[in-house]
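A short worksheet on the structure shown next.
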Protein chains: 2
Amino acid sequence: MTGLSGQGSEAHKNGGLSRIQERNRSLILDAALGEFSKKGFSGATVERIAAEAGMSKSNLLYYFSSKEAIYKATLAHILEVWLAPLKTLDPSGAPSQELSAYIRQKIEMSAEFPEASRLFANEVMQGAPQILPILEGELKRLVTEKSAVIEDWITAGKMQRVEPVHLIFTIWATTQHYADFSIQIKALTGKDLSDPEFFRETVASVTALILNGIGLTPPQDTPA
Amino acid sequence: MTGLSGQGSEAHKNGGLSRIQERNRSLILDAALGEFSKKGFSGATVERIAAEAGMSKSNLLYYFSSKEAIYKATLAHILEVWLAPLKTLDPSGAPSQELSAYIRQKIEMSAEFPEASRLFANEVMQGAPQILPILEGELKRLVTEKSAVIEDWITAGKMQRVEPVHLIFTIWATTQHYADFSIQIKALTGKDLSDPEFFRETVASVTALILNGIGLTPPQDTPA
DNA sequence: GAGGGATTTGACCAAATGGTCAAGATGCAA
DNA sequence: TTGCATCTTGACCATTTGGTCAAATCCCTC
């Protein structure tokens, strides 16, 4: 049989995936993230992804039926991780705590998964051909929910009045900027988030600016 | 003769460009901006750029010797406009005035030239293969100069202490976000900067947040 | 250790695409 | 109007690249 759609005796162990399948899919997705984030969808080649994953192009196409399929899978793979932090905003927490934690998480993700950030940015900038439904569906629900949380904080007098979505956009913009434009940042400052000192400085600056911006005092994590 | 490098009797009028040359180059650059910003360098095709510019691919290649040449020219064409606003930061002005004017200008550019913003973002995210020298040269000098201006404002007690580069990055990030991620913003809010009301709201929100963030009061341009 | 499905690959194909070229059309100065 | 340079294009080419296929090879179960 060709292809692994009909998985014969597949009552295997894990979600119908053999050990080999699991390993290879993972290798492919890792390689694909690198390629797609570096070159964009069109610029990436199946051949290079396969090479990076240590297998032949044919074999890669045995696991994913097309370049677009790899791309979609890669996107799906990073998306949940990427949107996770926002979900942790806790309505019962203190705004300064919650928001600074959120900002820190986002900057950590920019430091740890800059490729995911760039892939996501790329997809959205091209018009979000693959993930528009997710943006309009799941993400919109999430943002609406968290906007209401912020609105409640404002109503309760816990923070200054801001348009909640703009606050969210500002946090996204600033934190992701350090991943997406890291080349520019490196060109200008000589450093990027992979430098621990610069990382600390960035968290401090961004947090201070945004929290001050909404009339809050940033909590001290680590004394200087 | 083939190609227009040796321009024979070219003491024409304007910089050695005939009327036809000027018109066509301009048509090409406009079309190229659209294509490159929508599809990225690899995704763009010379054929489509030519079609958009209303001429044959061959003719386009008569004006620009290669796809890369078109790309470079497009980039150069937008770059000066793109970096211009920062140059207007006036050391002798009041920080709140100067910065809010800068922020407004940047958001105006995001509204008016979102494609330029996306093209620039794309280029940088791919590692700035073409413009790295400019980032490390001209842009770095400019940023250093303006960082010093901000530093002076701080020293003079005119604004709160911030790391100047991070303030600049924050302004870039937030303002360009509204162009680069306009699809996402539209998916989430139903609007983008082309909506005058949303434009006003964005300027107000971003300006307020950032100026508050550095201990300044945003000046009122238009009463409510 | 034999049988059979899962995995892997090289050979191959068709379409897309950047770029060349020679010939023809056009604009302009004298 | 004529002559020449500029401008324009269709035909064509080489390369890249996504994807197919049949033939191995591997792995696991019985």
Side-chain angles (χ1 to χ4, degrees), chain A residues 1-28 31-32 35-36 38-74 129-130, chain B residues 1-28 31-32 35-36 38-74:
Chain A
M1 174 187 296
T2 289
L4 34 64
S5 35
Q7 277 150 332
S9 69
E10 298 305 325
H12 267 301
K13 39 202 73 172
N14 180 356
L17 291 186
S18 76
R19 189 164 56 258
I20 295 178
Q21 279 175 40
E22 188 142 12
R23 181 177 57 87
N24 282 347
R25 282 183 114 96
S26 171
L27 285 173
I28 292 170
E35 259 288 291
F36 284 129
K38 249 184 284 291
K39 310 291 191 78
F41 177 79
S42 313
T45 81
V46 177
E47 178 93 42
R48 260 198 307 260
I49 296 174
E52 183 74 19
M55 69 187 69
S56 67
K57 182 177 63 160
S58 305
N59 201 24
L60 187 155
L61 286 166
Y62 169 73
Y63 288 98
F64 293 91
S65 58
S66 69
K67 183 184 182 182
E68 193 181 320
I70 313 170
Y71 181 68
K72 284 182 181 174
T74 308
Q130 303 297 332
Chain B
M1 173 186 296
T2 289
L4 33 65
S5 35
Q7 277 151 332
S9 70
E10 297 305 324
H12 267 297
K13 38 202 73 170
N14 180 356
L17 292 187
S18 76
R19 190 165 56 259
I20 294 179
Q21 279 175 39
E22 188 141 13
R23 181 177 57 88
N24 283 347
R25 282 182 114 96
S26 170
L27 285 172
I28 292 169
E35 259 288 291
F36 284 130
K38 249 185 283 291
K39 310 293 190 79
F41 177 79
S42 314
T45 80
V46 178
E47 177 93 42
R48 260 198 308 262
I49 296 174
E52 183 75 21
M55 68 188 67
S56 68
K57 184 177 62 160
S58 304
N59 201 22
L60 187 154
L61 286 165
Y62 169 74
Y63 288 98
F64 293 90
S65 58
S66 69
K67 184 184 181 181
E68 193 180 321
I70 312 170
Y71 182 68
K72 284 182 180 172
T74 308

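Here is the naming used below: chain letters follow the sequence lines, and residue numbers restart at 1 for every chain. Just the heavy atoms: all of them, side chains too, but no hydrogens, waters or symmetry mates, feed the values below. Everything numeric here is computed off the predicted structure, so don't read it as measured data.
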Nearest whole angstrom, please: distance from the [atom2] of [N] to the [atom1] of [X].
X     : N      : atom1 : atom2 : result
A:I70 : D:dT17 : CD1   : P     : 14 Å
B:Y71 : C:dG19 : OH    : P     : 15 Å
A:I20 : D:dT25 : CD1   : P     : 17 Å
B:K57 : D:dA11 : NZ    : P     : 13 Å
B:L61 : D:dG10 : CG    : P     : 14 Å
A:E35 : D:dT17 : CD    : C1'   : 13 Å
A:L27 : C:dT7  : CG    : P     : 14 Å
A:E47 : C:dC13 : CD    : C1'   : 15 Å

Report the nucleotide, chosen from [options], that has the shortest atom-to-atom distance to any side-chain atom of [X].
X     : options                : value
B:Y63 : D:dT8, C:dG10, C:dG18  : D:dT8
B:K67 : D:dG18, C:dG19, C:dT9  : C:dG19
A:R19 : D:dC28, C:dG19, C:dT17 : D:dC28

(message) Looking at every heavy atom in both A:E68 and A:F41, which two are closest together, and how far apart are they?
(response) CA-CE1, 4.0 Å
(request) With heavy atoms under 4.0 Å as the rule, sort B:A44 into base, sugar-phosphate or nothing. (result)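 Sugar-phosphate, backbone atoms only, no base.
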(message) Heavy atoms only, 4.0 Å cut-off, all strands: where does A:T45 land among base, sugar-phosphate and nothing?
(response)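 Here A:T45 touches the backbone only, sparing every base.
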(message) Whether the side chain of B:S58 and the base of D:dG10 hold a donor-acceptor pair under 3.5 Å is what I'd like checked.
(response)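 Such a pair is found, so the answer is yes.
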Distance check: side-chain N/O of [X] vs OP1/OP2 of [N], anything under 4.0 Å?
X     : N      : answer
A:Q21 : C:dA6  : no
A:S56 : C:dT9  : yes
A:S18 : C:dT7  : yes
B:Y62 : D:dT8  : no
B:N59 : D:dT9  : yes
B:R48 : C:dT17 : no

Measure the shortest side-chain to side-chain distance between [X] and [Y] over non-hydrogen atoms and say whether it is less than 4.5 angstrom.
X     : Y     : answer
B:M55 : B:I28 : yes
B:I49 : B:V46 : no
A:K67 : A:F36 : yes

(message) Can you tell me if A:E52 has over 12 outside heavy atoms packed within less than 6.0 Å of its CD?
(response) no
(message) Expected output check: what is the dot-bracket annotation of DNA chain C, where ( ) and [ ] are pairs inside the strand (brackets for crossing ones), | is paired with another strand, and pairs are Watson-Crick or G-U under 3.5 Å?
(response) ||||||||||||||||||||||||||||||
(message) Holding to ring pair (Phe, Tyr, Trp, His ring centres under 6.0 Å), I want the full list of residues that pass it with B:F64, two or more places apart in sequence or in another chain.
(response)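 Expected list: none.
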(message) Test your reading of the model: is there a side-chain donor-acceptor pair from A:T74 to the backbone of A:I70, 3.5 Å cut-off?
(response) yes
(message) Main chain of A:T45, side chain of A:E35: is a donor-acceptor contact present, judged purely on distance under 3.5 Å?
(response)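 Confirmed, A:E35 side chain pairs with A:T45 backbone.
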(request) Identify, between A:F41 and B:N24, the residue whose nearest nucleotide on DNA chain D lies closer to the 5' end. (result) B:N24
